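For reference, the structure discussed in these notes is given below.
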Amino acid sequence: MFNDMILRIIRKDPFLLEEKIKETAEYIVMLERIAEENGIAIDDDVLSDLKNRHFDEIKEDKRRFLMQFIGEIIREEG
């Protein structure tokens with residue numbers, strides 16, 4: 001489902017998708033900086049442990065994030 005929507009967006013307006021990816025990357029980098037400034041270590045082991053402990057919740061949150069991400073792009077492209 002997500003793949004089809006993303007491919008449609010890429011064909012119609014690849015620059016809009018690129019812009020959303022850049023915005024998301026900036027957001028992630030800022031979250032990493034906040035964690036670093038507050039002494040919170042985020043490495044592969046921590047992320048793996050978190051994913052194992054909260055697998056179902058993270059899977060659902062990821063699905064919601066992707067729906068919102070794609071929805072924003074579709075609204076912006078009109």
Side-chain angles (χ1 to χ4, degrees):
M1 180 173 136
F2 296 114
N3 292 341
D4 293 339
M5 290 178 173
I6 290 173
L7 288 173
R8 236 180 293 147
I9 292 166
I10 290 171
R11 283 192 297 270
K12 187 170 182 179
D13 188 352
F15 298 109
L16 185 56
L17 181 60
E18 177 185 3
E19 210 39 54
K20 289 309 270 183
I21 290 171
K22 285 179 180 178
E23 288 174 15
T24 302
E26 181 179 5
Y27 186 78
I28 291 168
V29 169
M30 289 187 299
L31 290 175
E32 289 174 339
R33 180 65 51 94
I34 289 168
E36 183 181 294
E37 288 179 357
N38 287 286
I40 300 168
I42 300 176
D43 61 19
D44 289 342
D45 292 336
V46 170
L47 295 176
S48 179
D49 180 53
L50 183 66
K51 185 175 181 179
N52 289 333
R53 286 187 291 130
H54 303 282
F55 182 80
D56 291 334
E57 295 167 26
I58 291 171
K59 184 177 177 181
E60 179 61 22
D61 289 346
K62 182 173 72 172
R63 186 192 69 76
R64 265 189 254 130
F65 173 85
L66 289 170
M67 291 294 287
Q68 180 180 349
F69 183 83
I70 291 170
E72 286 178 14
I73 293 172
I74 290 170
R75 279 191 299 279
E76 287 180 25
E77 79 177 7

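For clarity, every value in this text was computed on a predicted model and none was experimentally measured.
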Could you pull out the closest heavy-atom pair between I73 and K20, with the gap in Å?
-> CG1-CG, 3.2 Å
Distance in Å, R75 CZ paired with I70 CD1, rounded so as to fall on 0.5 Å steps = 11.5 Å
For atom CG of D44, is the number of surrounding heavy atoms from other residues, nucleotides or ligands below 6.0 Å larger than 12?
-> no
Assess whether atom CZ of R53 is packed by more than 12 heavy atoms of other residues, nucleotides or ligands within 6.0 Å.
-> yes
Same apolar cluster: I21 and F65, side chain cutoff 4.5 Å = yes
Under a 4.5 Å cut-off applied to non-hydrogen side-chain atoms, are Q68 and E72 in contact?
-> yes
Are any side-chain N or O atoms of N38 and backbone N or O atoms of I40, one a donor and one an acceptor, separated by less than 3.5 Å?
-> no
Using 4.0 Å as the upper bound for N to carboxylate O, is an ion pair formed by K59 and D56?
-> no
Give the minimum heavy-atom separation between L47 and I42, together with the two atoms involved.
-> CD2-CG2, 3.8 Å
Roughly how far, to the nearest 0.5 Å, is CD of E23 from CZ of F69?
-> 8.5 Å
Look at the side chain of N52 and the backbone N and O of S48, then say whether any donor-acceptor pair between them is shorter than 3.5 Å.
-> yes
Going only through I, L, V, M, F, W and Y residues with side-chain contacts under 4.5 Å, is there a path from L66 to L16?
-> yes
Atom of A41, atom of V46 and distance for their closest heavy-atom approach = O-CG2, 3.8 Å
Rounded distance (nearest 0.5 Å) linking atom CZ of R33 with atom CE of M30 = 11.0 Å
State plainly whether the residues K22 and E26 are in salt-bridge range, i.e. N to O under 4.0 Å.
-> no
